[in-house]
Amino acid sequence: IVFFSQIIIPFIILIYCTARIVSRLRRKTVGEKAKLRKAVFAVLSVAIVFSICFLPCTIARAVLLITRVKEWAPMEVVAVQVYDALMVLSYADCLLDPLVYCFCHSGFKNAYISTFFPSFLKKRLLKPVSGTPPARTTTTIISGAKRIS
């Protein structure tokens with residue numbers, strides 16, 4: 001009961017809140033439609049990732065408990081292996097949530113890239129926009145002081 005309440009109660013709350021947020025965002029008439037779609041996508045993505053990561057493990061745990069109660073020893077071995085394998089998927093939620101935020105919000109994506117991959121960001125900033133020649137920098141020394149123009 002404790003195991004299922006740890007997953008089912010947060011899942012019900014997540015689905016309820018997700019439905020309310022999406023409903024509210026779809027009713028909004030003020031603001032850019034593209035930003036509202038992005039917000040709906042972000043909220044739905046979090047709920048979907050949670051569902052994909054935790055529900056299979058919860059179902060496998062239920063099957064494992066049933067096999068133990070019914071004392072189906074050969075089936076229990078398989079249920080334990082499936083449950084253990086799906087536990088990895090539930091741990092993957094911790095990895096996938098930051099990626100969802102990263103791909104859903106450009107500010108978060110830029111902060112993430114600048115923190116963990118600064119060399120990639122530097123390459124992206126140095127790359128000229130197509131059709132625009134790279135800016136030229138000239139240095140002039142006037143009475144011992146540098147002036148950059």
Side-chain angles (χ1 to χ4, degrees), residues 1-137 139 148-149:
I1 292 173
V2 171
F3 177 80
F4 292 110
S5 65
Q6 290 175 340
I7 300 298
I8 299 301
I9 292 172
F11 181 70
I12 290 169
I13 292 170
L14 176 70
I15 295 302
Y16 173 77
C17 291
T18 299
R20 297 278 298 152
I21 291 169
V22 168
S23 170
R24 191 108 190 231
L25 286 172
R26 287 194 173 154
R27 280 188 275 135
K28 262 188 111 118
T29 57
V30 178
E32 293 180 34
K33 291 292 182 187
K35 286 186 178 183
L36 293 174
R37 275 195 304 271
K38 270 182 136 178
V40 168
F41 177 75
V43 170
L44 288 174
S45 297
V46 170
I48 290 168
V49 166
F50 183 88
S51 301
I52 290 171
C53 290
F54 285 107
L55 289 182
C57 182
T58 305
I59 293 167
R61 177 72 173 177
V63 170
L64 176 60
L65 291 175
I66 291 169
T67 59
R68 287 185 176 162
V69 168
K70 301 281 186 176
E71 297 180 6
W72 295 333
M75 192 70 154
E76 183 179 347
V77 172
V78 174
V80 167
Q81 291 173 350
V82 169
Y83 173 70
D84 288 344
L86 290 173
M87 279 300 286
V88 172
L89 186 60
S90 68
Y91 294 140
D93 181 64
C94 297
L95 171 72
L96 294 175
D97 279 343
L99 294 177
V100 168
Y101 300 133
C102 181
F103 289 115
C104 289
H105 189 270
S106 60
F108 184 90
K109 181 172 40 178
N110 291 338
Y112 185 84
I113 290 172
S114 67
T115 302
F116 294 107
F117 304 103
S119 60
F120 177 76
L121 185 63
K122 190 183 296 183
K123 287 178 190 174
R124 195 168 74 177
L125 291 174
L126 292 176
K127 187 191 236 184
V129 178
S130 61
T132 307
R136 299 184 90 186
T137 303
T139 304
I148 298 175
S149 56

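Remember, it's a predicted structure, so these values are computed and weren't measured experimentally.
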Can you name the side-chain contact (heavy atoms from CB on, under 4.5 Å) partners of R37, sequence neighbours left out?
K33, A34
Just to verify, what does V40 make a side-chain contact (heavy atoms from CB on, under 4.5 Å) with, not counting sequence neighbours?
V22, L25, R26, L44
In Å and rounded to the nearest 0.5 Å, what is the CG to CD1 distance from L14 to I21?
8.5 Å
What salt bridge (Lys or Arg N to Asp or Glu O under 4.0 Å) pairs are there with at least one residue in residues 46-58, not counting sequence neighbours?
none
Using residues 83-96 as the side-chain source, report each donor-acceptor pair under 3.5 Å to any protein atom, sequence neighbours left out, with the distance given to one decimal.
from, atom 1, to, atom 2, distance (Å)
S90, OG, M87, O, 2.6

Please output the side-chain donor-acceptor pairs of residues 48-63 that fall under 3.5 Å, not counting sequence neighbours, one pair per line with the distance.
from, atom 1, to, atom 2, distance (Å)
S51, OG, A47, O, 2.8
T58, OG1, F54, O, 2.9

Can you list everything that forms a side chain to side chain donor-acceptor pair (under 3.5 Å) with R68? Sequence neighbours excluded, please.
E76
